[in-house]
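Structure first, commentary second.
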Amino acid sequence: MIVKSKEIAALKALQAVLVRARAMASQKEEYRDIANLMDTAEYLVALIYDNRDMTSTFRENLVDLVERHQCGIALTKFDTDC
């Protein structure tokens with residue numbers, strides 16, 4: 001689970017990840033890169049509904065996406081709740 005105060009921010013971050021995936025597909029980026037991004041997106045969803053507090057793990061995965069897929073907007077949305 002994500003702490004209650006970060007739930008909406010987590011969903012906004014996940015939406016940004018999906019938008020990035022769509023952009024990557026439209027730019028015809030490497031399939032394996034898009035697949036990796038989508039794998040992480042699937043994992044992020046699982047973290048949202050896990051029984052344990054996975055907030056820090058969720059954020060760590062967003063940081064990884066920034067480094068690997070230029071997905072900084074997702075981290076910004078999570079950190080700033082905007």
Side-chain angles (χ1 to χ4, degrees):
M1 81 176 154
I2 303 298
V3 293
K4 187 79 170 161
S5 63
K6 297 298 276 183
E7 284 178 345
I8 297 298
L11 292 172
K12 288 179 180 182
L14 182 57
Q15 179 186 28
V17 170
L18 296 174
V19 168
R20 177 66 182 130
R22 183 179 60 226
M24 290 171 71
S26 70
Q27 295 166 2
K28 298 184 180 356
E29 292 191 29
E30 290 289 327
Y31 171 77
R32 65 174 145 43
D33 293 335
I34 298 168
N36 179 271
L37 180 70
M38 294 304 294
D39 287 345
T40 303
E42 286 182 58
Y43 181 58
L44 291 174
V45 171
L47 295 176
I48 290 172
Y49 65 78
D50 195 286
N51 290 328
R52 299 166 290 154
D53 180 1
M54 301 302 284
T55 307
S56 62
T57 303
F58 189 94
R59 187 179 187 285
E60 290 167 9
N61 278 269
L62 291 177
V63 169
D64 185 55
L65 289 178
V66 170
E67 295 169 358
R68 288 188 293 137
H69 301 292
Q70 298 83 41
C71 201
I73 188 67
L75 181 59
T76 299
K77 287 183 177 287
F78 186 72
D79 285 347
T80 62
D81 295 323
C82 66

Does some side-chain heavy atom of [Y] sit less than 4.5 Å from a side-chain heavy atom of [X]?
X   : Y   : answer
L62 : D79 : no
R20 : Q70 : yes
I73 : V19 : no
L18 : M38 : yes
K77 : L14 : no
H69 : N36 : yes
Q15 : L11 : no
L75 : L65 : no

Work out which heavy atom in [X] is nearest to a heavy atom in [Y]; give both atom names and the distance.
X   : Y   : result
T55 : V3  : OG1-N, 2.9 Å
A16 : C71 : O-SG, 4.2 Å
I34 : A21 : CG2-O, 4.5 Å
A13 : A74 : CB-O, 3.3 Å

Walk me through whether T40 and V17 qualify under side chain to side chain contact (heavy atoms under 4.5 Å, CB included). CA-CA 9 Å; T40 303; V17 170; over 6 Å; no

Atom [atom1] in [X], atom [atom2] in [Y]: separation rounded to 0.5 Å?
X   : Y   : atom1 : atom2 : result
E42 : L37 : CD    : CG    : 10.5 Å
I48 : D50 : CD1   : CG    : 11.0 Å
F78 : I2  : CZ    : CD1   : 5.5 Å

Is it possible for you to say whether I8 and M54 belong to one hydrophobic cluster, with membership spreading through side-chain heavy-atom contacts below 4.5 Å? no

Does M24 belong to the same Ile/Leu/Val/Met/Phe/Trp/Tyr cluster as Y31, with side-chain heavy atoms less than 4.5 Å apart forming each link? no

Between K12 and D81, is there a salt bridge with N-O shorter than 4.0 Å?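 Between K12 and D81 there is no salt bridge, as every charged N stays at least 4.0 Å from the carboxylate O atoms.
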
Any sub-3.5 Å donor-acceptor pair from N61's side-chain atoms to T57's backbone N or O? yes

Stepwise, does the side chain to side chain contact (heavy atoms under 4.5 Å, CB included) test hold for M1 with N51? CA-CA 6 Å; M1 81 176 154; N51 290 328; over 6 Å; no

